[in-house]
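The block underneath contains the structure these notes are about, expressed in structure tokens.
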There are 2 protein chains.
Amino acid sequence: MLKVPEHQVAGHRAINGNLGPVIDNSGRFYKPLLDDERGSTELAFYKSFCSDTRVPDHIRRFFPVFYGTQDLEASDGSGFRSHLVLQDLASNHRNPSIMDVKIGSRTWYPEASEDYIQKCLEKDRKTTTVSLGFRISGLQIYESKESGFWKPEKKQVQSFTADNVRLVLRKFVSSNSSIGSNENPDCSLASIVYGGSAGILEQLLELKAWFEDQTIYHFHSCSVLILFDKESVLKGRTPVAEVKLIDFAHVVEGRDVIDHNFLGGLCSLIKFVSEILSISKESSIKACFTELEKKCYCTNNGNY
Amino acid sequence: MLKVPEHQVAGHRAINGNLGPVIDNSGRFYKPLLDDERGSTELAFYKSFCSDTRVPDHIRRFFPVFYGTQDLEASDGSGFRSHLVLQDLASNHRNPSIMDVKIGSRTWYPEASEDYIQKCLEKDRKTTTVSLGFRISGLQIYESKESGFWKPEKKQVQSFTADNVRLVLRKFVSSNSSIGSNENPDCSLASIVYGGSAGILEQLLELKAWFEDQTIYHFHSCSVLILFDKESVLKGRTPVAEVKLIDFAHVVEGRDVIDHNFLGGLCSLIKFVSEILSISKESSIKACFTELEKKCYCTNNGNY
């Protein structure tokens with residue numbers, strides 16, 4: 001039984017007669033191949049990536065597993081259409097908090113058509129793409145059983161400023177309840193989800209090391225997907241959090257040049273995440289001191 | 001006595017009644033302050049940079065020493081004008097080979113005027129700025145006492161392709177004579193000038209580490225200047241080679257964001273330099289083997 005992915009945070013959705021991806025119950029994600037260049041480019045990428053022995057295994061795990069293509073009835077009712085069969089990245093999460101971060105300070109590439117370039121450039125300048133080297137394309141943050149997910153509207157996400165991005169990255173790893181409000185996020189999960197040896201930061205740094213060297217592909221308009229399950233994290237389950245790369249409809253050959261556009265944006269995202277970690281470390285040290293001071297005060301009957 | 005800098009490879013020159021920088025005999029470089037925003041921005045940068053305690057000393061050495069400003073008769077005969085008084089970076093070199101590499105995959109910045117953005121974007125797309133994340137703005141390579149310098153015309157430099165850039169970076173550290181021709185450069189100085197603990201690569205990596213962290217400035221349209229003196233290198237003198245940052249007329253505040261545009265381009269340049277080093281290492285190992293094989297052949301009277 002195919003259905004619309006519940007946890008899709010960006011891109012076209014297979015609802016209201018639109019063309020979009022569908023999932024099954026066995027953890028597979030079916031992405032319709034578009035008729036234009038985007039479809040052929042993404043398929044060509046998955047085929048080439050699968051068999052490219054230059055890609056090390058520890059990097060391969062950042063990409064969705066590719067199971068080939070399959071003809072399926074398209075979600076827009078237009079009949080049968082070829083779909084990429086991919087790993088459904090959300091399938092092993094119950095209530096995943098997800099962020100889709102489009103990496104790069106430009107989403108266009110020199111070989112594209114003039115129309116495409118102008119369209120991209122305009123959007124890159126309107127969003128944080130140019131200023132931050134990345135933009136958040138979509139997100140959902142799990143709050144609690146009672147209030148469910150906070151999933152801001154597409155329009156709201158597209159209008160995020162640098163400060164909004166900072167706040168959202170903090171909210172993403174916080175557990176105070178009213179996360180959609182402007183309450184100061186507690187970042188209580190930052191050290192586990194962002195930090196730690198298996199956390200987001202370590203994974204982003206591993207990706208960065210590869211991007212400093214690889215000249216095989218240039219990943220234009222590609223996203224880093226960050227996923228974790230709040231309840232699993234609190235129960236101490238692993239993996240704590242996952243980083244995945246998705247959307248390869250605009251990948252071009254690297255031609256012996258590194259993907260400096262992706263790398264620069266990735267480094268910027270890394271800096272944002274690091275900042276949250278160092279602030280939350282500082283504040284937990286401060287909290288420890290306050291606690292210690294209180295204890296001293298009590299033991300000394302109010303006299304230091 | 002002020003004179004036109006002999007070793008200027010890019011930018012406006014103080015010749016034919018044009019406004020440009022001049023030097024004196026004591027190692028100072030006088031750069032005319034333009035009347036528009038560029039002048040005030042560059043002066044503000046030097047003033048702020050000088051006194052900013054967040055800039056570590058090992059990074060400060062990559063910048064020209066700033067001695068303040070001085071009113072001088074402008075080189076275009078327009079009367080007195082304020083000049084930045086800077087360290088003349090070429091003054092301690094006799095026959096410097098110099099390359100001016102403008103870093104970044106875009107030279108414009110969001111705050112600039114629409115006209116400026118469009119002008120920059122057009123040039124960025126025509127040159128290697130967009131594709132490589134940097135472009136060579138000018139260069140001179142010392143060949144020999146007899147033939148002097150190879151200093152290609154501005155037009156030729158502006159039309160460099162990725163392959164031209166690769167070739168020029170190889171020529172820069174080669175010592176076969178006809179360097180202006182298409183002869184295969186021997187890269188005989190690569191391991192000393194690019195490699196080694198005080199070489200270009202190490203210096204670029206040091207800069208990179210700072211750019212991964214610093215959020216004080218965004219260096220738009222700024223250049224990395226690479227200098228070395230072939231004869232000094234061959235005589236084993238130090239410093240072997242120097243990396244300097246120049247041109248700060250479009251530096252803007254970082255506002256807690258890293259300069260992902262500069263960092264990406266710098267990483268791309270680093271990759272180009274590393275490639276030349278690894279190729280030249282490979283070929284010298286091959287040469288050793290060939291030499292060894294010859295010896296074996298001789299010792300064994302022609303029989304292995």
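Per chain, numbering begins at 1; letters A, B, ... match sequence-line order.
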- Message: Test side-chain contact (heavy atoms from CB on, under 4.5 Å) on Arg166(A) and Asp256(B); report intermediate values, then the result.
- Response: CA-CA 10 Å; Arg166(A) 251 179 225 111; Asp256(B) 298 326; 3.4 Å; yes
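- The backbone N or O of Glu212(B) lies less than 3.5 Å from no partner atom in the side chain of Lys271(A), so there is not a single donor-acceptor pair.
- Across Ser105(A), Gly265(A), Gly264(A), the residue that shares the most heavy-atom pairs under 4.5 angstrom with chain B is Gly264(A).
- For the pair Arg106(A) (side chain) and Arg106(B) (backbone), a donor-acceptor distance under 3.5 Å is absent.
- Residues Phe272(A) and Val257(B) are in side-chain contact: their nearest non-hydrogen atoms beyond the backbone lie under 4.5 Å apart.
- When Asp213(B), Ile117(B), Leu263(B) are compared by the number of non-hydrogen pairs under 4.5 Å with chain A, Asp213(B) comes out ahead.
- Neither the backbone nor the side chain of Ser274(A) comes within contact range of chain B; no heavy atom of the residue lies under 4.5 Å from a heavy atom of that chain.
- Of the possible donor and acceptor atoms, none in the side chain of His260(B) sits under 3.5 Å from a partner among the backbone N and O of Asn261(A).
- Only the side chain of Leu121(B) comes within less than 4.5 Å of a heavy atom of chain A; its backbone N, CA, C and O stay farther away.
- In this structure, the separation between SG on Cys267(B) and NZ on Lys208(A) is 7.0 Å, given to the nearest 0.5 Å.
- Gln118(B) pairs by the side chain to side chain donor-acceptor pair (under 3.5 Å) definition with Glu114(B), not counting sequence neighbours.
- Heavy-atom minimum distance, Val130(A) versus Pro110(B): CG1-CG, 3.6 Å.
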